[in-house]
Amino acid sequence: MGLDADAIVVGAGLAGLVAAAELADAGRRVIIVDQEPEQNLGGQAYWSFGGLFFVDSPEQRRMGIRDSRELAWQDWLGTAGFDRPEDYWPRQWAEAYVDFAAGEKRAWLRAMGHRSFPVLGWAERGGYHATGHGNSVPRFHITWGTGPGLVEPFQRRVRAAVEKGLIRLCFRHRVDELLTTDGAVDGVRGAVLEPDDASRGEQTSRTEVDAFELRAQAVIVAAGGIGGDHELVRRNWPERLGQPPRRMVAGVPAHVDGRMLGITEAAGGRIVNRDRMWHYVEGLRNWNPIWPRHGIRILPGPSSLWFDARGRRFPAPLYPGSDTLGQLAHIMASGYDYSWFILNQSIIRKEFALSGSEQNPDLTGRSWRMTARRAVGRKATGPVEAFKEHGEDFIVRDTLPQLVEGMNALAGDHLLDARELETEIAARDRELDNPFTKDFQIMAMHNARRFLGDKLIRTARPHRMMDPKHGPLIAVRLNILTRKTLGGLETDLEARVLGSDGAPVPGLYAVGEAAGFGGGGMHGYRSLEGTFLGGCLFSGRAAGRALAVALA
């Protein structure tokens, strides 16, 4: 039987595009199959904020940040918490990725036209010991152009290879089975779905109109994780994070359903670390949704006061921006699956950003004029103000009793007592009468403003929450937002999928989220952020280059 290509890539997201581009550059013939229409080229990466993890970058040095490979690896190990036999390959991938982020990653991207916004973000700040979770320094480099700007160079490379006849794009091709011959994976079989002109991200038809079968020397699985299937998320929910939420919002489109993980497992691939996942706790129900249960994440600065459903303030160091999974475990231990921010207009103006390319038209559109407006005026960005006006999770009032009344009405549980909240907030406000304090959150606010980027655009000047000059008061109900699968198909450093015996399954590779971004979980239990897109880039590049040599 003749081969249709040298390699087949299942999934047209960022990792799949990188792998295909690398193979084509080496002269290999590639077929990319994806169940979604062509308008979804680039997958989830297109919707992202475009954050990338670089170590000791020129952007860091210009802002006075002293970073190093050693510090980054210290932070990674303290965050990942590798502690299982299955962590052998994830740890190898993690160390190789940190070397990449401290080495050629930035130059490799810049050669393709990638640029970063000059002001860095400081994600996952931790708040524990130096060897514990979190980034010791700001490392979150925002792509100038956000997600579309990151996808663009690889989409361009793939389109050029299509013109040369090296890559063939097969959209609306849903893979239902991996084919094997004499124990080696050498093809895919599935259904051709009817054409669908739904906009990017919208749910598409699953009506079958034909069948297909394709053969090649190898198959790369680049089909993502499970975040769009909430029942699958609940089935894999780890006990350490409490009971799974009854109610969640979706940070990814419905087609991120984990189907290919099961299909690859049936072909002999081994899945490890199924219980490791990354879900956000600052999710909003999108007032203008694109996909089912569409949620948007707040990227908060450090000043909002955080309360559980009963009105109890979060303990140190679980303040905004510190420890995502620590916050998630704390929320689930409360017996409820939501929590509250209380803030005011001064804080929302400076400290609220929304994750996603569509929520940041200034950065996505590469408009310096629009971006400069973030630093002036009384209002937040247009998308944030739109959520404040239209979003069902926002309550805006002039007084705290009015605010709490609205919060109780929204939640329907009537758990909040205005007098108790006022006592907590007034006590916090008294701590601002001096330049020093025993309140750890206020310490964190002062620490943040020692970083120029936060002082300029991400952290409000400390002030009394109840001061009318900074009003009105704002409450935001925060929902659990599904996002990333941290476990996945176990792979070696060439991205070859390993079987239950630990040996590579001939002809089978996996990249991106399907491989836990490398090895079956290179992040371990938690992420430093800016590392998901980078994991797609790194694993896709590794697979493409390794397979190109193997096919020689």
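Owing to the predicted nature of the structure, the values given are computational and were not obtained by experimental measurement.
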Pair Glu513 + Arg276: basic N to acidic O under 4.0 Å | no
Is it true that Arg274 and Glu490 have a side-chain N and a carboxylate O under 4.0 angstrom from each other?
-> no
Does the distance from a Lys or Arg side-chain N to an Asp or Glu carboxylate O, for Glu59 and Arg106, drop under 4.0 Å?
-> yes
So do the side chains of Val505 and Leu498 get within less than 4.5 Å of each other, counting heavy atoms only?
-> no
Heavy-atom count around Gln203 CD within 6.0 Å, excluding the residue itself: above 12?
-> no
Show the numbers, then the answer: is there a salt bridge (charged side-chain N to carboxylate O under 4.0 Å, His left out) between Asp362 and Arg373?
-> CA-CA 9 Å; Asp362 50 353; Arg373 294 176 191 162; over 6 Å; no
Do other residues, nucleotides or ligands put more than 12 heavy atoms under 6.0 Å from the CZ atom of Arg369?
-> no
Verify the distance criterion only: is there a donor paired with an acceptor across the side chains of His230 and Thr482 at less than 3.5 Å?
-> yes
Let me know which of Asp229, Thr264, Asp176 forms a side-chain hydrogen bond (donor to acceptor under 3.5 Å, both in side chains) with Arg259.
-> Asp176
Could Asp34 and Arg174 be called an ion pair, given the rule that one side-chain N must be under 4.0 Å from one carboxylate O?
-> no
Ion pair present between Glu213 and Arg215, side-chain N to carboxylate O less than 4.0 angstrom?
-> yes
Would you please classify the geometry between the Phe387 ring and the Trp287 ring as parallel, tilted or perpendicular, with 30° and 60° separating the classes?
-> perpendicular
Please determine if Glu194 and Arg206 form a salt bridge, counting it only when a charged side-chain N lies under 4.0 Å from a carboxylate O.
-> no
Charged N to carboxylate O below 4.0 Å: is that the case for Asp4 and Arg29?
-> no
Would Asp413 and Tyr336 count as a side chain to side chain contact (heavy atoms under 4.5 Å, CB included) if you check the C-alpha gap in whole Å, the side-chain angles of each, and the deciding distance to 0.1 Å?
-> CA-CA 10 Å; Asp413 296 323; Tyr336 296 86; 4.0 Å; yes
Might you point out which heavy atoms bring Leu214 and Leu179 nearest each other, and give the distance in Å?
-> O-CD1, 4.3 Å
Kindly determine whether Phe49 and Trp144 satisfy ring-ring contact (aromatic ring centres under 6.0 Å, His included), including the steps that lead there.
-> CA-CA 10 Å; Phe49 201 31; Trp144 186 233; over 10 Å; no
Indicate whether any N or O donor in one side chain lies under 3.5 Å from an N or O acceptor in the other, for Asn479 and Arg285.
-> no
More than 12 heavy atoms from other groups under 6.0 Å of CD on Glu392 | yes
Hey, can you tell me if Phe100 and Tyr97 have their rings parallel, tilted or perpendicular (30° and 60° cut-offs)?
-> tilted
Applying ring-ring contact (aromatic ring centres under 6.0 Å, His included), run through Phe53 and Phe140 and close with a yes or a no.
-> CA-CA 6 Å; Phe53 179 93; Phe140 192 84; 9.8 Å; no
Any cation-pi pair here, Arg189 with Phe212, using under 6.0 Å and within 45°?
-> no
Tell me yes or no: between the side chains of Asn360 and Arg374, is some donor less than 3.5 Å from an acceptor?
-> yes
Check the side chains of Tyr280 and Trp278 for a donor-acceptor pair under 3.5 angstrom, ignoring hydrogens and angles.
-> yes
Going by distance alone, is a donor N or O of one side chain under 3.5 Å from an acceptor N or O of the other, for Thr146 and Thr364?
-> yes
Looking at Phe538, is Lys105 sitting on its ring face, NZ or CZ under 6.0 Å from the six-membered ring centre and within 45 degrees of the normal?
-> no
Take the angle between the ring planes of Phe532 and Phe517 and call it parallel below 30°, perpendicular above 60°, tilted in between.
-> tilted
Quick one: do Arg159 and Glu38 satisfy salt bridge (charged side-chain N to carboxylate O under 4.0 Å, His left out)? Show the steps, please.
-> CA-CA 12 Å; Arg159 295 287 190 193; Glu38 186 169 2; 2.7 Å; yes
Pick from Arg545, Arg28, Arg541: which one makes a salt bridge (Lys or Arg N to Asp or Glu O under 4.0 Å) with Glu22?
-> Arg545
So, Thr324 and Glu124: side-chain donor and acceptor under 3.5 Å apart, yes or no?
-> yes
Before accepting this row, confirm whether a basic side-chain N of the pair Arg366/Glu152 lies closer than 4.0 Å to the acidic partner's carboxylate O.
-> yes
Would His279 and Trp237 satisfy ring-ring contact (aromatic ring centres under 6.0 Å, His included), going step by step from the backbone distance to the final call?
-> CA-CA 11 Å; His279 305 307; Trp237 192 266; 5.7 Å; yes
Is it true that a side-chain atom of Ser367 and a backbone atom of Met370 form a donor plus acceptor pair closer than 3.5 Å?
-> yes
